[in-house]
Every structure is written in C-alpha cells, then in structure tokens.
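First up is the structure itself, then whatever we jot down about it.
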Amino acid sequence: MELRIDKLLAICNEFKADTTKTGKKALLKREANNPIFKQYIKYVLDPLNTYGLQEKKIKKFLGTNHSKGIGNKDIFDIFEYLLQNPTGTDHTAHIVARFIDAHQSEEEKRFLLESFTKKMKLGISEKTVNEVWGKGFLNEFNVMLAKKFEDESHKIKGRKFVITEKYDGQRAVFFKNSNIISCYSRDGKRITGLVEIEQELLRLADGVYDGELLCWNHEELRDREVLQQTLKLTRKDGNKTGVRFFCFDYLSIDEFNDGKSKLGYLERREINPLNNKVICNEFKHACLIEILHIGNDLEVIPDMLAEMEERGKEGLMLNIADAPYECKRSDNILKLKTMLTADLRIIGFERGKPMGKFENTLGKFIVDYKGYPLGVSGISDKIREEVWNNQSNYLGAIIEVSYFRESQNEKGGLSVSFPQFKGFRWDKQEPSYN
DNA sequence: GCTCGAGAGTGGGGATTGGAG
DNA sequence: CTCCAATCCCCACTCTCGAGC
C-alpha cells in the first residue's frame, strides 16, 4: 500500500465531518485493514508518543531557505526520527519544517503541522480507537478516579462507607510481579528511581499497589505546599529519596488488567500485604493509609471535613465499603473538598491556543489577584463569543471565581489553584476576597 | 421522550529539563 | 549564565452523543 499524505488527510477529514460517535466508530471499522492509516493514528494519538516539538519551534524554520532537499523521506520516517530524538533541537525542528515546506497545498501543510505537534483533532482518542481496533493498539492506562461527593451523595444513602484522608501528593501505581517492580503515574508514565519504596514493596506479595507519594515532611506543610514539595522530589532526575508511599488500594494484576476487582473495599484492605502491622513497623517508606471512620451516617462528615481544612489538609475520601475497584472514574469512591470563591476584577482577555477550538475567541479572562495577574477559564461557549466581540463592555467588570487554595510560587508571587469562572457580579464595583 | 454518563477537548498554576543565545 | 519551550504533575469545567430508564 502506498503512503500518501492526501489519502491520510482525506480520511481525517471524514472523521472531522462526522460528528456522531457511531459514525466515527464505523470509520474506524472501515479502516481496520488499512495498516498505513493505523500506523498514522498510532503516531498522532498514542499518549506515550511525544516529539518535543510544538508550533513555536517548528514555525521558526517554516518558509526559510532549506539548504538540502528532503531526499526520499516520507512522513513515517520523520515520525520515527522524532520518536528516537524527541529533543526539540533546532535541528529536529528544521527537519520537520523542511518536510512541511516541501508540500504545496496549505491544507497539507496544516495537516502535517497538526500531526507532528499532536494537535490533530478527530473526535476520537485512545479509548474509542482501542474499542474498535482492539485493546492495546494504543497505550491506555486507567486507574480508579473519584467523583465529587456533592454530585453523588444521593447514591450512598444507607450504604456503609469508609472515610480516609485525601492526600495532596502525586498518584503512584506500583506493579509488583515476582522480583520485578515498576511504578506509573496517573497517566501511565513510568516513574523511576523510587528505590527506597521499591525495596520495601519487593518483600511483599505480588499485585497492584495504588496510592499517593508524599514528601517526608508533609505533616509540617499546609495546602499546596505538600504537592509542590512532593513534585520537587519526584520529578528530579535520578534516584528519588525522601518520599513516602501511602497505599490506599490493592488488587491483583489480572484484576487491574480486567478493569475491575472481585473484592470490595474493606476486603481488599484486609488482604493488602501492607495491612500486616509486623511488616509495616519495619517499613519506613511504604504504609497503608489509616481509616478515619466507618459507618453509614453522613452527618459525621461536615465536622471531619472542617477539621481537615483547619489543619491545611486537602479533604476526605469516601469509599463504598463493599464496592469493587474500577479502572475509571467511579462512584465507588468520592472526594470531599471545599472550594473557595473570590470576586475579582477583569484586567484583560486572551484568545485560545493555536490550532484549538478557541483560537479565534476568548480563551480565558485575566483578572487581578492581590496585584498579580491570574488566568480564569471554565467559561461557556456563548459567554466566550459575547465577551470576545464586546471586550470594552467587560473590561473592569467583577467576576466570581471559584478556586481551591491560594498558592505561592518560587518567586513569591501569589496565585490560586484551579480558578474557574462562576458568573458576573454586576452588583459589585470592587473585588473582595473571602 | 428524557435524563445523565462517558468521552473529548477546553482551560488553570507550578515545577523540571534541556537547548538557544 | 539566563531565558524559554515543552512536558507533565495536580486539576475543574463545558459540550455532545447516545445508552438506558
């Protein structure tokens, strides 16, 4: 089969033209025996493929004089080269720019730029691709994620639940299989160098140990400092010491690969090898998190949550006592945390990111937060359009912003985590912080 | 017929890494 | 050396289709 850009582009345009999910799945089925298109999808949609180049670096060389021709390289040769050399150097950017410039039509140039920067939007992702082309075609990693308590509380009335602390660290999933141990982040990226934790887990039974990494002094820190300090340790190159693993769930590797455990939460805790107190007294770097409460009485929650917040902790987790682990966002586990709000003044507007849905409309508000600029998103499509086209009507207006906690960066600047637009406060002329 | 769950695609702050200059 | 682009941690939210009631 011949590798032709125009053929790939035509198929991609079919995906973009059909907005229905069934239509996209039918297209995937139709192309199931097209090895070239499948390879293309692997390059542009596999979450573990990164190339170290985005629009800014490539544009630096687009339309410049390219000394040499592109030889007989095709698009897959370029992808392979980038996979082996995701360095983001001028050299690789130049290779990509030269390849793009060798194509005549603007449509093909745009197609190639979107492809190499992984900005190709077909309305499908690894889940849908794997559903049609088979599990494992694209790398997919799914851990259990919690839903919000407020949205789901009606589902737990009368059910027995277990409350634990919600830790604000880095998610880590250890796979222990005989003498081999590996660790993955929430998105399936390898975390290497956690030697202290790995040595301890190697002494335990096989299985998947799901939990949170926290810096050694997390008890002394408040709010977002815990996450910031933890990430400082876990994202450094080389061996990562001074980090502790707080395990909150355990299941077999087969169950994890199946996407669901057989046992309920309390049963899984019971068989969790870290539940052995003798062993855990010897361990310094791995432990099982403590249960704060078991019951079916929701009224205990507000006081417990208030106490956590007073201590600068993130909040609480609520597990349904007899519900299985599920490798997806699940209502078997709920998170409780309190969001704060402030009324802040709009001082600017920014368009959306290049090659994205909002590139020609409002991407975010810029507001003043205690003298520092803060970007605010979470805006409906309608309001984006209205504000973008009538900016003078909105400059200086006060908006209500929901956020998690105030944060401070290394330069001392103040900001907040997860700022989200809630609405206009036309009744207010001045900002206020609660 | 309607509701709501799940997937895809937006956006935020903050940190490290590594190349450019 | 400093600066900046890219990546990846932590996320919250909007929109849409279509399964399921």
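Numbered from 1 within each chain, the chains take letters A, B, ... in sequence-line order.
- Checked against ring pair (Phe, Tyr, Trp, His ring centres under 6.0 Å), A/Tyr167 has the following partners two or more places apart in sequence or in another chain: A/Phe246.
- Looking at heavy-atom distances under 4.0 Å, A/Lys24 makes no contact with the nucleic acid at all.
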Which protein N or O atoms sit under 3.5 Å from an N or O of nucleotides 4-7 of chain B?
residue: B/dA6; atom: OP2; partner: A/Lys147; partner atom: NZ; Å: 3.1

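- Following rounding to the nearest Å, A/Asn360 (CG) and B/dT10 (P) show an atom-to-atom distance of 13 Å.
- Partner of A/Tyr209 under the ring-ring contact (aromatic ring centres under 6.0 Å, His included) criterion, chosen from A/Tyr250, A/Phe245, A/Tyr325, A/Phe175: A/Tyr250.
- Note: CD (A/Glu225) to C1' (B/dG14) measures 14 Å, nearest angstrom.
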**Q.** Reading 5' to 3' through nucleotides 16-21 of chain B, protein heavy-atom contacts under 4.0 Å coded B for base, S for sugar-phosphate only, - for none
**A.** SSSSSS
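- Each ring-ring contact (aromatic ring centres under 6.0 Å, His included) pair with one or both residues in residues 327-376 of chain A, not counting sequence neighbours, appears once here: A/Phe365-A/Phe421, A/Tyr369-A/Tyr433.
- A cation-pi contact links A/Arg190 to A/Tyr184, judged by a cut-off of 6.0 Å to the six-membered ring centre and 45° from its axis.
- When only modelled atom types and interatomic distance are considered, A/Gln54 and A/Lys119 share a side-chain donor-acceptor pair under 3.5 Å.
- One can place CZ of A/Arg405 at 16 Å from P of B/dG14, the figure rounded to the nearest angstrom.
- Residues that satisfy the salt bridge (Lys or Arg N to Asp or Glu O under 4.0 Å) test with A/Asp237, not counting sequence neighbours, are absent from this structure.
- Looking at residues two or more places apart in sequence or on another chain, you find a salt bridge (Lys or Arg N to Asp or Glu O under 4.0 Å) between A/Arg159 and A/Asp322.
- The aromatic rings of A/Phe256 and A/Phe141 sit tilted, their planes meeting at an angle between 30° and 60°.
- Looking at heavy-atom distances under 4.0 Å, A/Thr230 makes no contact with the nucleic acid at all.
- Residues that satisfy the salt bridge (Lys or Arg N to Asp or Glu O under 4.0 Å) test with A/Lys335, not counting sequence neighbours, are absent from this structure.
- In this structure A/Phe111 satisfies the ring pair (Phe, Tyr, Trp, His ring centres under 6.0 Å) test together with A/Tyr40, sequence neighbours excluded.
- Base contact: A/Phe418 has a heavy atom under 4.0 Å from a base atom.
- A ring-ring contact (aromatic ring centres under 6.0 Å, His included) with A/Tyr43 is found for one member of A/Phe76, A/Tyr51, A/Tyr81, A/Phe37 and no other, namely A/Phe76.
- Contacts between residues 392-400 of chain A and DNA chain C, defined by a heavy-atom separation below 4.0 Å, involve no residue at all.
- Protein chain A contacts DNA chain C over a range whose 5' and 3' limits, counting nucleotides with an atom under 4.0 angstrom from a non-hydrogen atom, are C/dA5 to C/dG18.
- Cation-pi contact between A/Lys337 and A/Phe404: present, with separation from the ring centre below 6.0 Å and deviation from the ring axis of at most 45°.
- Listed by residue number, the members of residues 336-353 of chain A with any heavy atom below 4.0 angstrom from DNA chain B are A/Gly352, A/Lys353.
- The shortest distance between the side-chain N/O atoms of A/Asn409 and the OP1/OP2 oxygens of B/dG13 is not below 4.0 Å.
- Here the side chain of A/Asp46 pairs no donor or acceptor atom with the backbone of A/Lys42 at under 3.5 angstrom.
- Side chains of A/Asn13 and A/Glu107: a donor-acceptor N/O pair is present below 3.5 angstrom, by distance only.
- For DNA chain C, the residues of residues 37-55 of chain A within the heavy-atom distance limit of 4.0 Å (strictly under) are A/Thr50, A/Tyr51, A/Gly52, A/Leu53, A/Gln54, sorted by number.
- Within 4.0 Å (heavy atoms only), A/Lys118 reaches no atom of the nucleic acid at all.
- Here CD1 of A/Ile191 is found 10.5 Å from CZ of A/Arg171. Values are rounded to the nearest 0.5 Å.
- Between the OH atom of A/Tyr369 and the P atom of B/dG14 there is a distance of 11 Å, given to the nearest Å.
- Under a 4.0 Å N-O distance rule, the pair A/Arg110/A/Glu114 qualifies as a salt bridge.
- A/Lys121 has its NZ atom 13 Å from the C1' atom of B/dG11, to the nearest Å.
- Look at A/Asp368 and A/Arg345 and you find no salt bridge, because none of the NZ, NE, NH1 or NH2 atoms lies under 4.0 Å from a carboxylate O.
- Backbone-only engagement by A/Gln228 is indicated by non-hydrogen atom pairs under 4.0 Å involving sugar-phosphate atoms exclusively.
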Q: Could you give me the CA-CA distance, side-chain angles and deciding distance for A/Ser377 and A/Gln420, then say whether side chain to side chain donor-acceptor pair (under 3.5 Å) is met?
A: CA-CA 5 Å; A/Ser377 189; A/Gln420 295 288 319; 5.6 Å; no
Q: Could you check A/Asn332 against A/Glu326 for side chain to side chain donor-acceptor pair (under 3.5 Å), going step by step and ending with a plain yes or no?
A: CA-CA 8 Å; A/Asn332 294 342; A/Glu326 296 184 298; 3.2 Å; yes
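- Note on A/Lys16: nothing from the nucleic acid sits closer than 4.0 angstrom, heavy atoms only.
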